[in-house]
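To keep things clear, I will list the structure first and then write my remarks on it.
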Amino acid sequence: VLELSDPRQLYDVCEAERRRGRRVGLVPTMGYLHEGHLSLVRRAHELADYVVLTIFVNPTQFGPGEDLDRYPNDPEGDLAKCLAEGVDCVFSPPPEAVYPDGYQTYVQVEELTRPLCGARRPGHFRGVATVVTKLFNMVGPCVAVFGEKDYQQLQVIRRMAEDLNMPVEVAGSPIVREPDGLAMSSRNAYLSESHRGQATCLRRGLIAVRDRAAEKGGISPEEAVKLCRSVIEAQPDARIDYVEVRDARSLAEIQRVAGDGGAVMALAVFFDKTRLIDNMVL
Ligand code: PAF
């Protein structure tokens with residue numbers, strides 16, 4: 001696996017691959033790789049010939065008081081996993097290579113970034129859209145793969161790529177879960193044993209709604225939210241940030257969850273300072 005940290009070198013390597021007629025695939029990550037990330041790599045191998053995985057804990061998508069300073073990292077472990085998965089190139093730039101002195105350009109997606117995580121993490125999606133744009137420009141991927149766990153992020157990036165005529169296919173990849181249903185996340189590493197046990201409530205809340213909607217042939221958003229909240233609130237240490245049901249594409253508010261794939265239930269829950277997210281298309 002080729003290890004690079006200089007954006008210019010990365011571009012040249014990817015350009016050489018394209019000139020050989022190879023499709024370049026991008027998997028952007030913030031490192032501390034787990035099975036979820038590796039599933040993105042496998043998807044990228046299906047969609048591209050040359051797979052670049054980037055590791056960059058992007059400071060512009062973290063708000064004040066968030067976990068930028070303590071974000072977990074394991075460069076050696078990450079590299080070993082990339083090697084095992086046949087990643088062709090691992091790019092991990094230092095912050096100053098991405099945001100040099102004098103940096104002042106940002107990408108803002110409007111409506112889609114207002115609700116859900118966008119409402120609770122001001123500036124988060126501006127940071128995400130900006131760094132993903134920069135990674136697209138550094139790599140020039142034919143396809144880029146993002147996890148569906150970050151559901152809003154995936155919609156934002158799809159919209160951005162379309163709106164800005166970016167010549168890249170944005171592919172989503174299903175959530176990978178622990179055996180007990182907890183969605184895989186680097187942030188799971190922060191959880192105490194007790195909180196790790198309680199954290200299955202996110203998935204259980206979503207399943208309760210799915211089952212109720214199937215049983216009744218549809219459900220109101222209010223009932224869905226109430227039911228999901230009750231499952232989560234049964235855990236002593238779960239602190240709900242939000243639980244919402246929205247249109248699966250526009251993320252606008254909706255009147256009814258019909259069970260036809262048109263709605264998404266998304267939620268964020270704190271255990272202490274650790275914020276977990278999950279979602280389900282209903
Ligand atoms: O999903 C992530 O890990 C990050 O938001 C991303 C897409 C790598 C941008 O920093």
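What you see is a predicted model, and the numbers here were worked out from it, not measured in a lab. Scope of the values below: all heavy atoms of this structure, side chains included, with no hydrogens, waters or symmetry mates. All ligand and atom numbering here is 1-based and tracks the order in the structure.
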*Shortest non-hydrogen contact from V209 to A224?*
CG2-O, 3.3 Å
*Heavy-atom pair with the smallest gap, counting every atom of V231 and C201*: CG1-O, 3.9 Å
*Mind checking what makes salt bridge (Lys or Arg N to Asp or Glu O under 4.0 Å) contact with R246, not counting sequence neighbours?*
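Only E244, E253 meet the salt bridge (Lys or Arg N to Asp or Glu O under 4.0 Å) criterion with R246.
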*Among L83, D88, V51, which one satisfies side-chain contact (heavy atoms from CB on, under 4.5 Å) with V1?*
L83
*Could you tell me which residues satisfy side chain to side chain contact (heavy atoms under 4.5 Å, CB included) with Y103, sequence neighbours excluded, listed by chain and number?*
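Testing Y103 for side chain to side chain contact (heavy atoms under 4.5 Å, CB included), a comparison that skips the adjacent residues, returns Y99, P100, T105, Y106, T130, K134.
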Distances only, to 0.1 Å: what are the N or O pairs between ligand 1 and the protein that fall under 3.5 Å?
{"residue": "ligand 1", "atom": "1 (O)", "partner": "Q153", "partner atom": "NE2", "Å": "2.8"}
{"residue": "ligand 1", "atom": "5 (O)", "partner": "Q61", "partner atom": "NE2", "Å": "3.0"}
{"residue": "ligand 1", "atom": "5 (O)", "partner": "Q153", "partner atom": "OE1", "Å": "2.7"}
{"residue": "ligand 1", "atom": "10 (O)", "partner": "Q61", "partner atom": "OE1", "Å": "2.6"}

*Please list all pairs passing the salt bridge (Lys or Arg N to Asp or Glu O under 4.0 Å) test where one or both residues lie in residues 267-282, with sequence neighbours left out.*
R177-D278, D241-R275
